[in-house]
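The next block holds one structure in the form of structure tokens; read it before the comments.
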Protein chains: 2
Amino acid sequence: MLSDVMEDYLKAIYRIQARSGPPVSTSAIADAIDKTPASVTSMLGTLEDRGVVVHQKYKGVELTTDGERVALEVVRHHRLLEAYLAEHLDYSWSEVHDEADALEHHISEEFERRVAAALDDPAVDPHGDPIPSADLAPLDGDDTTPLSACEVDDRVLVTRVNDRDREDLEYLEAAGVTPGTALKIVGVAPFGMVTVRVDGDTEQSLPESVAESIRVCDAVDAAVADERGEVTDA
Amino acid sequence: MLSDVMEDYLKAIYRIQARSGPPVSTSAIADAIDKTPASVTSMLGTLEDRGVVVHQKYKGVELTTDGERVALEVVRHHRLLEAYLAEHLDYSWSEVHDEADALEHHISEEFERRVAAALDDPAVDPHGDPIPSADLAPLDGDDTTPLSACEVDDRVLVTRVNDRDREDLEYLEAAGVTPGTALKIVGVAPFGMVTVRVDGDTEQSLPESVAESIRVCDAVDAAVADERGEVTDA
DNA sequence: CTATTAGTTTAGACTGTTCTAAATCGGGGT
DNA sequence: ACCCCGATTTAGAACAGTCTAAACTAATAG
Ligand SMILES: [Mn+2]
Ligand SMILES: [Mn+2]
Ligand SMILES: [Mn+2]
Ligand SMILES: [Mn+2]
């Protein structure tokens with residue numbers, strides 16, 4: 001088996017690879033998990049020996065199929081835990097991430113099954129991020145755009161929010177902006193401040209950092225998908 | 001902070017100390033956590049540096065007040081988790097121990113609080129073992145006796161069962177013998193086989209190993225305590 | 001009072017993970 | 001084509017935790 005440290009490396013590589021595609025650089029991993037590049041190089045060697053990554057010296061690293069499955073397993077644990085903590089233990093949006101990070105490597109497959117059953121096999125976590133299925137099939141690509149890239153008069157649905165910044169999450173919770181919320185962009189100020197109308201109701205001005213942590217999909221496209229009977233997250 | 005390995009040493013020392021009193025021998029610890037005596041000696045040194053045990057060379061080891069608090073904290077986590085898994089995630093009696101062992105070092109104080117609240121601050125775990133209070137006050141002494149030490153015609157209440165042997169637990173579950181069950185001892189055969197009447201109902205013959213893992217208190221004493229308004233576990 | 005020996009500690013080695021400091025690589029600008 | 005500089009790897013050390021083998025201690029049997 002792999003240690004929890006190794007699982008954290010694979011999770012980090014997976015996340016970076018999902019955003020910017022392979023190959024993933026040593027320094028990107030080092031930044032993500034707060035270690036030195038030298039430590040990362042060393043660990044990439046042992047991960048390659050275990051067959052979960054392939055590493056080309058000076059070029060970067062890529063997950064193997066096995067490595068991706070391990071990463072998906074950890075991500076599934078993480079997001080199921082987040083959903084469970086929010087749903088059944090009354091955790092708030094902004095608290096679940098750290099607790100899930102601590103537990104994700106230590107739950108059994110039995111625990112995973114029972115939590116999934118208690119939640120009725122949820123498709124997304126509290127931040128709107130998709131939960132890998134039990135068979136660990138690869139997640140499909142992200143077709144969302146950052147709110148900070150939207151233009152005035154766009155109508156969008158909030159799909160997911162970055163779960164890593166607690167302050168931003170608390171801000172958004174207070175503003176009533178959660179996955180599934182409909183937004184109309186009212187204004188875009190210099191330095192990235194975005195003003196939106198929330199659910200056709202109140203108006204909110206979101207600082208750039210907050211706007212960057214929100215990912216949205218086009219409200220019209222989503223409605224079309226809806227008519228085809230597909231599921232958008234609730 | 002202490003590592004989870006250190007927490008496991010302290011938990012083991014606590015358990016042995018609770019049963020046979022200090023000082024606790026190196027080999028007793030080694031047996032309990034399945035390591036070599038040499039490894040234990042080495043770790044006792046570092047635990048002494050951290051101020052959680054005092055160790056007299058060749059004599060044995062004892063928890064300090066700090067060390068006992070750490071052990072109680074881990075035990076509280078363990079038993080709360082067992083209770084939660086049984087109550088809210090439909091785990092059986094015999095499955096909870098291993099899962100709790102894996103999680104006990106990794107939950108936050110916040111998680112502990114929420115689990116305790118969800119269970120309404122339980123006093124005992126599913127095996128009848130007392131759960132240390134949130135302020136980590138020392139548990140009071142064990143006034144139970146093993147079922148294997150009972151005599152014919154004794155009437156007793158099952159107080160707790162050893163949570164370490166999964167087979168015995170499955171046996172007892174099938175036999176309907178759980179904490180709170182009233183037993184009348186019908187017969188004691190050679191080699192320790194004990195025959196009991198369960199709740200004035202069915203009769204069961206329990207092999208020696210099973211009888212040894214059951215601890216009981218006198219049914220009459222318990223009734224007296226009950227009349228004083230004290231709580232016996234349900 | 002000495003010899004035996006079970007239990008304990010020490011010595012030394014090994015694995016896993018991380019770090020700092022130094023050497024090396026390679027792509028972009030001249 | 002060559003140089004440079006930032007990114008990367010290597011070298012070497014450190015720490016935690018564990019092991020085996022060897023030395024030691026203390027309690028007991030004779
Ligand atoms: Mn993690
Ligand atoms: Mn999340
Ligand atoms: Mn443990
Ligand atoms: Mn228990």
Side-chain angles (χ1 to χ4, degrees), chain A residues 1-14 16-17 19-63 67 70-71 74 101-102 104-106, chain B residues 1-14 16-17 19-63 67 70-71 74 101-102 104-106:
Chain A
M1 274 299 91
L2 302 172
S3 70
D4 50 349
V5 172
M6 292 175 186
E7 288 183 353
D8 276 338
Y9 274 91
L10 294 177
K11 188 173 66 151
I13 296 167
Y14 175 82
I16 299 164
Q17 189 171 292
R19 182 162 305 280
S20 5
V24 173
S25 75
T26 300
S27 53
I29 302 168
D31 286 352
I33 63 180
D34 205 46
K35 307 216 153 69
T36 64
S39 301
V40 174
T41 299
S42 162
M43 179 56 82
L44 292 182
T46 72
L47 290 174
E48 182 148 41
D49 292 345
R50 301 299 207 86
V52 287
V53 304
V54 295
H55 182 209
Q56 312 243 108
K57 281 206 198 324
Y58 295 102
K59 302 294 286 268
V61 73
E62 185 173 355
L63 295 175
V70 173
V74 178
D101 243 14
E104 64 193 4
H105 312 288
H106 304 288
Chain B
M1 275 298 90
L2 302 173
S3 71
D4 50 350
V5 171
M6 292 175 186
E7 288 183 352
D8 276 339
Y9 274 91
L10 295 178
K11 188 172 67 152
I13 296 167
Y14 175 81
I16 299 163
Q17 190 172 291
R19 182 161 303 281
S20 7
V24 173
S25 74
T26 300
S27 52
I29 301 168
D31 287 351
I33 63 180
D34 204 47
K35 306 214 152 71
T36 63
S39 300
V40 174
T41 299
S42 161
M43 180 55 81
L44 292 182
T46 73
L47 290 173
E48 183 148 40
D49 292 346
R50 302 299 208 88
V52 287
V53 305
V54 295
H55 182 209
Q56 311 242 110
K57 281 206 199 320
Y58 295 102
K59 300 296 283 267
V61 74
E62 185 173 358
L63 294 176
V70 173
V74 178
D101 243 15
E104 65 192 3
H105 313 289
H106 304 287

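Proteins get letters first, then strands, A, B, ... in listed order; numbering begins at 1 in each. Since the structure is predicted, the reported quantities are computational estimates derived from the model, not experimental observations.
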- Message: Tell me every residue that passes side-chain hydrogen bond (donor to acceptor under 3.5 Å, both in side chains) with B:Glu7, counting only those two or more places apart in sequence or in another chain.
- Response: B:His105

- Query: Reckon A:Thr46 has a side-chain N or O less than 4.0 Å from the OP1 or OP2 of C:dG16?
  - Reply: no

- Message: Going 5' to 3' along DNA chain D, which are the first and last nucleotides with any atom under 4.0 Å from a heavy atom of chain B?
- Response: D:dG17 to D:dT25

- Message: From NZ of A:Lys35 over to C1' of C:dT20, roughly how many Å is that when rounded to an integer?
- Response: 17 Å

- Can you check the A:Ile29 CD1 to C:dT18 P distance for me, whole Å? 13 Å

- Message: So, does A:Thr36 get its side chain near the phosphate of C:dT18, meaning an N or O under 4.0 Å from OP1 or OP2?
- Response: no

- Item | ring pair (Phe, Tyr, Trp, His ring centres under 6.0 Å) partners for B:His106, two or more places apart | A:His106

- Message: Rounded to whole Å, please give me the gap between CG in A:Leu47 and P in C:dG16.
- Response: 12 Å

- Message: Just to verify, what does B:Ser3 make a side chain to side chain contact (heavy atoms under 4.5 Å, CB included) with, not counting sequence neighbours?
- Response: B:Val5, B:Met6

- Heavy atoms, side chains only, cut-off 4.5 Å: are B:Leu10 and B:Leu2 in contact? yes

- Item | Side chains of A:Glu104 and A:Asp8 in contact at under 4.5 Å (non-hydrogen atoms) | yes

- Query: Taking only residues two or more places apart in sequence or in another chain, which ones pass side chain to side chain contact (heavy atoms under 4.5 Å, CB included) with B:Gln17?
  - Reply: B:Ile13, B:Pro22, B:Val24, B:Glu62, B:Leu63

- Item | Spacing between A:Asp34 atom CG and C:dT17 atom P, to the nearest angstrom | 17 Å

- Which residue pairs pass the side-chain hydrogen bond (donor to acceptor under 3.5 Å, both in side chains) test with at least one member in residues 45-54 of chain B, sequence neighbours excluded? none

Could you tabulate the donor-acceptor pairs under 3.5 Å formed by side-chain atoms of residues 29-45 of chain A, not counting sequence neighbours?
| residue | atom | partner | partner atom | Å |
| --- | --- | --- | --- | --- |
| A:Thr36 | OG1 | A:Ser39 | N | 3.2 |
| A:Thr36 | OG1 | A:Ser39 | OG | 2.9 |
| A:Thr41 | OG1 | A:Pro37 | O | 3.2 |

- Query: Where along nucleotides 9-15 of chain C does protein come under 4.0 Å, by heavy atom, of base (B) or sugar-phosphate alone (S), with - for untouched nucleotides?
  - Reply: BB-----

